Amino acid sequence: MSNALLLIAYFGVLLAMTKPVGLFMARVFSGERTVLHPVVAPVERGIYRLTGVDETKEMRWTTYAVAMLLFNLAGFLVVYLLQRLQRGLPLNPRELSGIEPRSAFNTAVSFVTNTNWQGYYPEITMGYLTQMSGLTVQNFVSAATGIAVAIALVRGFARRSSREIGNFWVDLTRATLYVLLPLSIVMAVFLVARGVPQNLNDYTAAVGLGGETVLIPQGPVASQEAPKMIGTNGGGFFNANSAHPYENPTPLTNFVQMVAIFLIPAGLTYTFGRMVGNTKQGWAIFAAMSALFFVGVAVTTVAEQSGNPLLTDAGASQETTVNGESTPGGNMESKETRFGIAASSLFAVITTAASCGAVNAMHDSFTPLGGMVPLANIGLGEVIFGGVGAGLYGILVYSVLAIFIAGLMVGRTPEYLGKKIEPYDVKMAMLVTLVLPLSILGFTGVAMATDEALASRWNPAAHGLSEILYAFTSATGNNGSAFAGISANTPFFNPTLGMAMLIGRFLMIVPILALAGNLAHKQRATVTAGTFPTTGPLWIGLLVGVILIVGALTYFPAYTLGPVVEHFQMRNGITFSLE
Amino acid sequence: MLAQIRTAVLMIVVLTVLTGIAYPLAITGVAQVLFPDQADGSLIERDGVVIGSELIGQGFVDRTDEDGPTYGRTLAGYFRGRPSAAFVEDGILVSSGSNYGPTNRVLIDRVAADVAVVRQENGLAAAIEIPIDLVTASASGLDPHISPASAAIQIARVARERGVDEARVRELVNDHTEGRTLGFLGEPRVHVLNLNLALDEEAPMPAAGAAGG
């Protein structure tokens, strides 16, 4: 009962916030005045003056792409150097040493690409300055990069006979100043009020009731936590991420974190509709995303609440009432009591539907089917609301494919939003669609044939395959969550996962900008009786169908060998040991 | 191109100063003024010594015997927390889940071993069932809570070991039980550390070795 109430409340809040947030972003990126302008506009102008940006000058897609790549390269260098040099830098009370090159490369790529995969234990690895001025900064600007690219693609659809798709520096600055920073300030203060630490103190020595002394990690947690969720980054201040009571202390902070993940991605569907001049187009995208979202939540919640029959055999009850008293029941391994099954399952689906990757429970310990949903969510390209910006441009690529397929079926030149979809557009869309599985399945294949990679598995048999498959799915999808038992801080995984992240980010973004540039140049055809409608249930069904068919055909064989086979093993009481 | 490189470098510098220095320091300032206790980690002191954080769970088990798969024996007179995969490195408490998959033999053996320990320590009749949360590791390894069902099966033992009425212990458990926020957020739960602190306060262990283990 509370499972259903949680989902209804969550979706209700999301639905209510989509329009206001989306409308606000549409105004910001169209250069209209908003309520924040009296405060923020002077800061914005100051930034342009300091950096030599002419805000009135728009860019062709090639210039836009170069600016984006240069900025990301500069960001990478900052994060890399902060890690390498942190021993000699201030705000490092534990005197943590500099991070070795391969791990530093992996982490820098990870945060710049909005992946936030973490191969390291933050508590014993990252100094406060690295967290604040390296990782937190990327929590903002990698998200702003995603938003900028999505807006550029939307402009491609919205404009006609234009060579330009916007100014990257302006889009980046506005996404940071008007959207991400204000939301993060509000959320960070809320989080501190509910118990998330925000200090620069040394770790606290505490003598527990059992007599043992430990150092409890501290730090500027709340200020990193807020953009971590709002920017769908997901990199934890601590190893346990949003399961750590310092990152996510209460069911209420958990609810707010879940809303924060989908807030901008959902809002952007409305931004899209408004900018192309028909909000129904945005709501159609929203509806397709929602349909896929509900399926995922249902599968994972039911699978987790049904639990693991092997644990029943071991003598534990997984009912929700035991001896007349309340307990969460279900598969509680690697889940927190305060969240229980419902809020852990919902969080897992949200964080992988979006490219967030924060976790409040360890996906590695989910039931096979419960854990397959996060894997599939990422594999489908994180288009179920998706990452900030990335979700919208991802699903618009699917829209191009869907309208192309519909065009083939009815035998006329496909049009989406009045733009004729021609060979160049479909090629770019296909490039984006193929890069993802090529990297995921290719790298997984190599890893499965490499002894060193196999030695990194934490779990045996089919689950070990799932761990490696999940790692490359997460890296390529720029998600960052993990079947975290895997030891990924190794000479094999640091560079390969780093490459997967770069491929999944920039081999997506560059073709998308090319698509944006090509679309912007076209005329907008007028809608006639023969135009395939892209707003009603037929369209939504077609779009969902294309997403599922592309995803299912691509990954079904791999999933069969991983989670599906493990499901039947679990139901039949079969267990495994590593070697 | 050169102009673009210059802008890229200046832009990351400016945005780092804004979002990587000014923003976190401003939030730190606001947090330290408005919510100093939370901002410093919700620490709990007893007799002038920091004994932990209200948010960070403690296990209340003796982990010195690490031979078997079991999480450990419960410290005398205390309620037991959930099993934990957190560990200490260089003295630092590192959060971690077990990450055992559902068909991993190590997981199944650990659960079975802890079920046996809990049954034996609490002298439970065969008809009494063991709630799943008491024998599964939490995601952080720092879960401060157990379910009301997991507390209930420990009441008789704690009362016996402390030489107090079961009714009094049950009362303390109820005092430290929280329901769902707004009726649907989260799970009903018992705060183990606060409960055990209250027990030390109101029903100290009889004479020998109050700290247990």
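The shown structure was predicted, so the numbers you read here are calculated from the model rather than taken from an experiment. Residue numbers begin at 1 in each chain, while the letters A, B, ... track the order of the sequences.
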From the list B:I146, B:V17, B:D37, B:V9, the residue making the most non-hydrogen contacts under 4.5 Å with chain A is B:I146
Output, in order, the C-alpha distance, side-chain angles, deciding distance and verdict of ring pair (Phe, Tyr, Trp, His ring centres under 6.0 Å) for A:Y121 and B:F87. CA-CA 11 Å; A:Y121 293 103; B:F87 57 93; 5.2 Å; yes
For each of B:L18, B:T181, B:L15, B:L134, tally heavy-atom pairs with chain A at distances under 4.5 Å, and name the one with the top tally. B:L15
So which of A:P217, A:S242, A:G236, A:S317 has the biggest tally of heavy-atom pairs under 4.5 Å with chain B? A:S317
Taking B:N196 for its side chain and B:F79 for its backbone only, find out whether a donor-acceptor pair lies under 3.5 Å. yes
Once the angle between the rings of A:F238 and A:Y246 is folded into 0 to 90°, is it parallel (under 30°), tilted (30 to 60°) or perpendicular (over 60°)? tilted
Quick one: which of A:Q569, A:E467, A:K335 has the most heavy-atom pairs under 4.5 Å with chain B, could you say? A:K335
Going by the side chain to side chain donor-acceptor pair (under 3.5 Å) test, which pairs reach into residues 207-217 of chain A, not counting sequence neighbours? none
Which of B:L10, B:I5, B:I130, B:T19 touches chain A most, by non-hydrogen pairs under 4.5 Å: B:T19
Would you confirm whether A:Q198, through its side chain, and B:I27, through its main-chain N or O, come within 3.5 Å as a donor-acceptor pair? no
Pick one of side chain, backbone, both or neither for A:V196, based on which atoms fall under 4.5 Å of a heavy atom in chain B. backbone
Leading residue by heavy atom contact count with chain B [cutoff under 4.5 Å; candidates A:A343, A:G52, A:G208, A:P220]: A:G208
For residues B:Y100 and A:W458, establish whether the separation of their ring centroids is below 6.0 Å. yes
Could you have a look at B:H145, B:M11, B:Q58 and say which one has the most heavy-atom pairs with chain A under 4.5 angstrom? B:M11
Among A:S344, A:G307, A:A144, A:S184, single out the residue with the greatest number of heavy-atom pairs under 4.5 Å to chain B. A:S184
Greatest number of heavy atom pairs closer than 4.5 Å to chain A - which of B:N104, B:V61, B:V14: B:N104
Can you label the angle between the B:Y78 ring and the B:F60 ring as parallel, tilted or perpendicular, going by 30° and 60°? tilted
With a 4.5 Å heavy-atom cut-off (strictly below), which parts of residues 107-119 of chain B touch chain A? List them by number. B:L107, B:I108, B:R110, B:V111, B:A112, B:V115
Close aromatic pair by centroid cut-off 6.0 Å: A:H463 and A:F483: yes
Taking the basic N atoms (NZ, or NE/NH1/NH2) and the acidic carboxylate oxygens, is any pair closer than 4.0 Å for B:D62 and B:R73? no
Select, from A:E325, A:E333, A:R338, the one with the greatest count of heavy-atom pairs under 4.5 Å involving chain B. A:E333
